[in-house]
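Taking it in order: structure first as structure tokens, then the write-up.
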Amino acid sequence: MADVTPLGNGRYLVADGEKQSLAYAAGPADARWVFLNGRVYVINTNRGDTPRKGQDDELALASPMPAKVAAVKVSVGQQVSRGDVLIMLEAMKMELPIRAPRDGRVKSIACQVGELVQPGTPLVELEHEPGGEKREA
Amino acid sequence: MADVTPLGNGRYLVADGEKQSLAYAAGPADARWVFLNGRVYVINTNRGDTPRKGQDDELALASPMPAKVAAVKVSVGQQVSRGDVLIMLEAMKMELPIRAPRDGRVKSIACQVGELVQPGTPLVELEHEPGGEKREA
Amino acid sequence: MFRRILIANRGEIAVRVIRACRELGIESIAVYSDADAGALHTSLADRAVRIGPAAAAESYLSSDAILAAAREMGAEAVHPGYGFLSEHHVFAAACADAGIVFIGPPANVIERMGSKISARQLAGQAGVPVVPGDTPADQSDEAIAAAAQRVGLPVIIKPSEGGGGIGMKTVRDASELAASIAQARREAVASFGDGTLYVERLVERPRHVEFQIIADAHGHVVHVFERECSIQRRHQKVVEETPSTAVTPALRQRMGAAAVAVAKAAGYQNAGTVEFLLEGTGDAARFYFLEMNTRLQVEHPVTEQVASVDLVRAQIQVASGEPLPWTQDDLAQRGHAIEVRIYAEDPARDHLPQAGRLLLYRQPSMPGIRVDSGVTEGGEIPVHYDPMIAKLIAHGDTREAARHRALAALRDYPILGIRTNVPFLIELLEHPRFISGDLDTGFLDTEGAALRARLSDDPPPDALAVAAIDSAPVGRATDQPDPWATLRGWRG
Amino acid sequence: MFRRILIANRGEIAVRVIRACRELGIESIAVYSDADAGALHTSLADRAVRIGPAAAAESYLSSDAILAAAREMGAEAVHPGYGFLSEHHVFAAACADAGIVFIGPPANVIERMGSKISARQLAGQAGVPVVPGDTPADQSDEAIAAAAQRVGLPVIIKPSEGGGGIGMKTVRDASELAASIAQARREAVASFGDGTLYVERLVERPRHVEFQIIADAHGHVVHVFERECSIQRRHQKVVEETPSTAVTPALRQRMGAAAVAVAKAAGYQNAGTVEFLLEGTGDAARFYFLEMNTRLQVEHPVTEQVASVDLVRAQIQVASGEPLPWTQDDLAQRGHAIEVRIYAEDPARDHLPQAGRLLLYRQPSMPGIRVDSGVTEGGEIPVHYDPMIAKLIAHGDTREAARHRALAALRDYPILGIRTNVPFLIELLEHPRFISGDLDTGFLDTEGAALRARLSDDPPPDALAVAAIDSAPVGRATDQPDPWATLRGWRG
């Protein structure tokens, strides 16, 4: 494991053998941001892994930012494939597609066209059973 | 009085009528450092005035920094005039004279040639009665 | 010279203009929306006026609000920056009517060059080649589709008004025509309030090479050389540089003369940019007039670094009636400059724009590096505006020197709290095709996925070790020497 | 090219060299004393080696400690920066003996040019004028005094070894001779271990104008134009600029040729500076060789900005055996650059050096501004070393543009926790004589008191208001919108 020395003010010296690098960190333990050698990582130190990576599949079905719903491209019960556009949002002068992170079935839709949505609010719920064996009643 | 808005991280917006300036501040209440329009002020907000200014006369008789005593130019009881060199210090490759801040008499000398002195340590005590009316017994 | 200028913009370009005013001894007046009450440009100016709520349409795009502020504050001139009202001829005319100098070309020139149709006509009349294209008088979807077939596929369909790539659609197959025309029309209406569309033949593997020009009120026009801006994503420039690796001295002379000819034909004044598509490289390359941007360009700093000029100051001087500070013969290129745009976006998630608080933000400071930015540590990137938060410009005596400086600076540019494209830019500058200067406007379409793939690795052990340190219980912190420990009392 | 370079220095110049190494893909090795364990240069390098306690004699001035570190780390070359071991010919020779490249001239050249006596002889032989002076073989105080009378008062008495103004004494009246000789001798012995003194006629109202030269191992020597360094306090430079307001093209050509002639006569290699005293201005001015600094100069950045070159990179290239990257004809001056040195000192208290913690330190970042610094917010300025903490370099197309940029940057350069000369520099750059370029080396002797007097005002109401805000009880802070409030948890 690397030897880390806090230098204060968010700066850290990371030494690995004789080689060293400057790193920067900020944020709470469950989403600690780290800058190292030009890369940025968001690390959940409560769990010891990266929350953003782990949650991407779920987050992809919520709006990542305040936005307006431009179009709802699917309906409840529809089978979708990985990469299909489910919802089209508008923010910052751009169209932002919300895509299916994997194959699945639309369980519910929680937004309407024209609605202003906040980050994290679920827009679509997907069931992750491509085969459909566990379809609900 | 000016209207001051903290912007966070030591930054302040100072508005005076319609004109505004960015200011910076740091440090404790009894020696608060303020940067405004290229000038720096050290302000004692406990007393409402500037400690460094007010204490300059006294501080001048202590070393302002770690230094070596190169020479003691006066002796106890000697009358000195404003600007006279009392002690010569050496620090950072330079000679630093400690001068009399006003006319007076040397009450005591608290250092020796060759001694390493720390900042704030009194080196010479002056009595501030040029006329000598209140000379001590 | 003016005594007081209102800056009708926000972000890094407002900051840039405020600094130019300060150096000229001119009082600067910022305008801000509610979302920007704590923004850098708002606090940096000599005065600041609130002009409306966060929505741009009611603040930075509101001619009325900005003119009212200018009148109230007694501004003698308005600098529009880029974007927002910078190319709105109606706003420029309203300024003139109010007796306020619009720092840019006359309103009628903006209007004429703002229409791609009339700009192309003008360029053609000035003897400058243009890409074959058409704007049908009949603007029905069917007529646009017919025009596309006439010009010859592949084509680009784009709004006649506006710029910045908004609403531009490439069509290679006739089956895509209907959908693309509809989408372009929708975006044109939404962004510019005008759905007029223009059809142009697509030049394959073109470079985007533009020329900076500036003209005064006394008939002098100079060009300040080219900028290569081929690295674009969805028509948004990402990296710009000068000189272009494709432009030889002879080609530079021809293109520069063409740019000046367009500006003269337009009766241009102030700073502007003549954009060309370049096919091929070197003396034999062919160039086509694309459009003219009648304002300061985002990427103006590369020109400033290589030509040792101050374009914003020159804009202000020229607008106040002074002659151009340089003749064409005074100007020369020295060394090489590369600009990378720092966007608040997540490259790993299709460059999704990001908004939020900058938990930590430290700009690199090193020889040959300039950072133009509009943000500070602790500040908020609002959701309402363009996600570009800063520009990093590297200058060196050779292209490789500038590239290495840009890389060193990006690796020393921590931005935490929101995702940015910094890691993506590092990969881009290390790409063999970028290193060799083998660029075209499709570069990121072709190479973007491979670049993004290089970003998807998991945190290395060193990063995990750093994260672990201060997320430990606070009590442990006293084990470590922390120079900030003594400051905590007053930072709270 | 080298793969690994050890930087035998600290502070801003160590940082500068580390950055140059990084851009060249060379691994950088920092050395540090105990006082610098947390310093910027120590953490920025790829590797860092402790070389001794805080005292410079046992760390940065210790040839043995530094050579041991270089050997241990496998460094192929050592960059000495300026000061410390940069002009120690014994160290340069020891490097050569150890098979490590000393990035500077050969040891025998350092030795020869390090003695003012032999340097003047060499210049004279090369046909370059020198100021009348003498170093008596009899070094008794009486013989020195006699030499002073022979050369003709006023004179300067100075150590034959060393530089930077240490031990230099001006004598205008014979009655001051004895005391000045004794003091110069004392300081010469203390600083350089050699009490040999040199006596030189004082040129009244001279300018200090120096020429940057650089030479490779293949016989090529170029000069990179002049630097005007007349603004000095106790022979420490405070402000440097290029071009000099006194130097015309014809004079520049003559002085540049003289500088190259000195370098060639010395068999010089690598970067060096030939210092001249200049009497008068323009084509008719007379110049005298003063001395040669056989190392990189503190003020090298003004040359880099105006000539668009990278002197540190060129040093490394030349030391590795590569030819100079430029011919004389490649080099040209563009615009004007002004450097101000930021000292940790209190101008109101006779420029007393300051040491302590940087409670707040924010470098300005704006177009045309470069800051070379060796410190960070929260860092400690140790008492053991030179009090210069940073250099601010402003570049513009004219001298006035550069001056206004420097002023704008200084007014946006908060340094809190220790006093600095920033307020003094602002007054200096606003002085009518500085504005008009009417400079001589006595400028600060003549004008310094008036400049300092302008600093002695009490805090204005606005400053008191700012101070009052956060020194209020912590509970009150919640009344104010504070963007940092949400961050407190993790900053603690």
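Please read all numbers here as calculations on a predicted model, not as lab measurements. No hydrogens, no waters, no symmetry mates; every other heavy atom, side chains included, goes into these values.
Counting heavy-atom pairs closer than 4.5 Å to chain C, the top-ranked of the candidates D:R16, D:Q305, D:M366 is D:M366. The residue among D:R411, D:R313, D:H395, D:E380 with the most heavy atom pairs within less than 4.5 Å of chain C is D:R313. Per-residue heavy-atom pair counts under 4.5 Å with chain D were compared for C:S365, C:P325, C:G335, and the maximum is reached by C:S365.
Under the 3.5 Å distance criterion, the side-chain polar atoms of C:H79 are left unmatched by any main-chain donor or acceptor of C:A14. Looking only at distances, no side-chain donor or acceptor of D:S320 sits under 3.5 Å from a matching main-chain atom of D:F2. In this structure, the side chain of D:D36 does not engage the main chain of D:A39 through any donor-acceptor pair within 3.5 Å.
Side-chain contact between D:T376 and D:Y361 is absent, with no heavy-atom pair separated by less than 4.5 Å. C:K391 is not listed as a side-chain neighbour of C:I342, based on a closest heavy-atom distance of 4.5 Å or more.
When each of D:R22, D:R47, D:R3 is tested with D:E27 by the rule salt bridge (charged side-chain N to carboxylate O under 4.0 Å, His left out), just one qualifies, namely D:R47.
Side-chain contact check for D:H300 and D:Q212: no donor-acceptor pair (N or O, by modelled atom type) lies under 3.5 Å. Looking at C:R227 and C:T303, their side chains do bring a donor and an acceptor atom within 3.5 Å of each other.
Contact annotation for residues 326-333 of chain C against chain D (heavy-atom separation below 4.5 Å, listed by residue number): C:W326, C:A332, C:Q333. Listed by sequence position, C:A401, C:H404, C:R405, C:A408 are the residues of residues 399-408 of chain C in contact with chain D, using a 4.5 angstrom heavy-atom cutoff.
Heavy-atom distances place both the backbone and the side chain of D:E23 under 4.5 Å from chain C. Heavy-atom distances place no part of D:A390 under 4.5 Å from chain C, backbone and side chain included. When heavy atoms are compared at a cutoff of 4.5 Å, C:A409 does not approach chain D at all.
D:R370 and D:E304 are joined by a salt bridge, as a carboxylate oxygen and a charged side-chain nitrogen come within less than 4.0 angstrom of each other.
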